[in-house]
Amino acid sequence: MAAGQKKFPVNDPSKNYSFFQDVWDVVRQIPKGRVTTYGAIARYLGTGSSARMVGWAMNNSFIIKPAVPAQRVVNRNGMLTGKMHFNPPERMQQLLEKEGMIIQNDTIQNFIDHFWDPATELS
DNA sequence: AGTATGACTCATT
DNA sequence: AAATGAGCCATAC
């Protein structure tokens with residue numbers, strides 16, 4: 001990893017660290033046209049975290065700035081499980097299509113080709 | 001303070 | 001291959 005670019009802090013049980021902040025920081029690193037999964041983020045932040053909490057962080061991501069590209073986070077099948085939480089729900093798919101994804105039946109086509117794993121990309 | 005609830009995932013049946 | 005159960009842990013009530 002390049003100098004000055006530090007690895008995102010993992011959860012530290014000894015202090016009250018903001019898990020959400022970690023998640024948002026990672027999500028903001030997702031390059032345009034790429035996507036990742038809840039589980040990948042959870043694993044990157046430490047197995048102590050669960051994918052459910054990543055979803056929770058996304059739910060709260062709408063109220064923070066800078067904005068978090070929550071549309072780039074889908075479940076491990078490339079399915080837009082969180083689209084109903086967007087405003088309006090169609091927005092998630094529209095944003096992804098605008099970034100070059102092809103989506104059918106709420107599922108990103110060729111998902112594996114667009115997958116971005118923070119564990120390997122950020123290391 | 002205990003229970004319920006997720007934008008999830010994995011192992012087992 | 002589809003359904004089920006369990007683990008996950010921070011909020012909400």
Side-chain angles (χ1 to χ4, degrees):
Chain A
M1 108 182 21
Q5 184 190 24
K6 70 177 172 127
K7 183 168 187 167
F8 292 108
V10 296
N11 286 345
D12 184 354
S14 68
K15 61 196 243 187
N16 267 351
Y17 197 84
S18 172
F19 173 78
F20 288 173
Q21 192 64 51
D22 286 345
V23 175
W24 296 329
D25 282 345
V26 173
V27 175
R28 280 195 281 255
Q29 304 299 315
I30 304 175
K32 182 181 178 182
R34 306 289 295 282
V35 290
T36 192
T37 70
Y38 304 98
I41 295 173
R43 263 194 300 279
Y44 176 69
L45 294 178
T47 49
S49 314
S50 75
R52 287 183 185 272
M53 291 304 96
V54 177
W56 240 98
M58 293 300 98
N59 193 32
N60 287 268
S61 71
F62 292 101
I63 66 174
I64 68 162
K65 291 168 189 95
V68 174
Q71 74 273 13
R72 296 183 188 143
V73 184
V74 298
N75 80 350
R76 75 175 227 90
N77 299 314
M79 201 155 125
L80 277 55
T81 50
K83 64 179 266 185
M84 56 279 284
H85 293 275
F86 276 74
N87 180 29
E90 303 83 43
R91 179 147 180 81
M92 184 176 191
Q93 177 170 340
Q94 288 174 351
L95 286 170
L96 287 173
E97 288 177 336
K98 200 167 145 192
E99 295 180 0
M101 307 289 162
I102 297 175
I103 300 170
Q104 286 178 357
N105 297 327
D106 294 343
T107 303
I108 298 176
Q109 304 301 297
N110 300 315
F111 168 67
I112 192 66
D113 291 335
H114 295 285
F115 181 60
W116 179 89
D117 187 357
T120 58
E121 302 286 347
L122 292 179
S123 62

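Chain naming here is simple, since letters A, B, ... match the order of the sequence lines and numbering starts at 1 in each. Because the structure is predicted, anything quoted here is derived from the model rather than measured.
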Working for side-chain hydrogen bond (donor to acceptor under 3.5 Å, both in side chains), residues A:Q93 and A:Q71 | CA-CA 8 Å; A:Q93 177 170 340; A:Q71 74 273 13; over 6 Å; no
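Using a 30° and 60° split on the angle between ring planes, A:F62 and A:F86 fall in the perpendicular class, above 60°.
For the pair A:G39 and A:M53, both in contact range of DNA chain B, the more 5′-proximal nearest nucleotide belongs to A:M53.
If you check every strand for non-hydrogen atoms under 4.0 Å, A:A70 touches a base.
Distance CE (A:M84) to C1' (B:dG6): 12 Å, rounded to an integer number of Å. Nucleotide B:dA7 holds its C1' atom 15 Å from the CG atom of A:L95, rounded to whole Å. Straight-line distance from the CG atom of A:N60 to the P atom of C:dT11: 8 Å, rounded to whole Å. Atom-to-atom, CD1 of A:I63 to P of B:dA7 comes out at 16 Å; the value is rounded to the nearest Å. If you take CZ of A:F20 and P of C:dA12, they are 8 Å apart, rounded to a whole angstrom. Computed from coordinates, the A:D106 CG to B:dA7 C1' distance equals 13 Å when rounded to whole Å. Computed from coordinates, the A:Y44 OH to B:dT9 C1' distance equals 21 Å when rounded to whole Å. Distance OH (A:Y38) to C1' (C:dG7): 19 Å, rounded to an integer number of Å.
More than 12 heavy atoms of other shown residues, nucleotides or ligands fall within 6.0 angstrom of atom CZ in A:R28.
Candidate nucleotides B:dT9, C:dA12, B:dA7 were compared by shortest atom distance to the side chain of A:W56, and C:dA12 ranks first. When each of C:dC8, C:dT11, B:dA7 is scored by its nearest atom to the side-chain atoms of A:N59, the top-ranked nucleotide is B:dA7.
In this structure, A:R43 does not reach the C:dC8 phosphate: none of its side-chain N or O atoms is under 4.0 Å from OP1 or OP2.
The shortest side-chain heavy-atom distance between A:T107 and A:L80 does not fall under the 4.5 Å cut-off.
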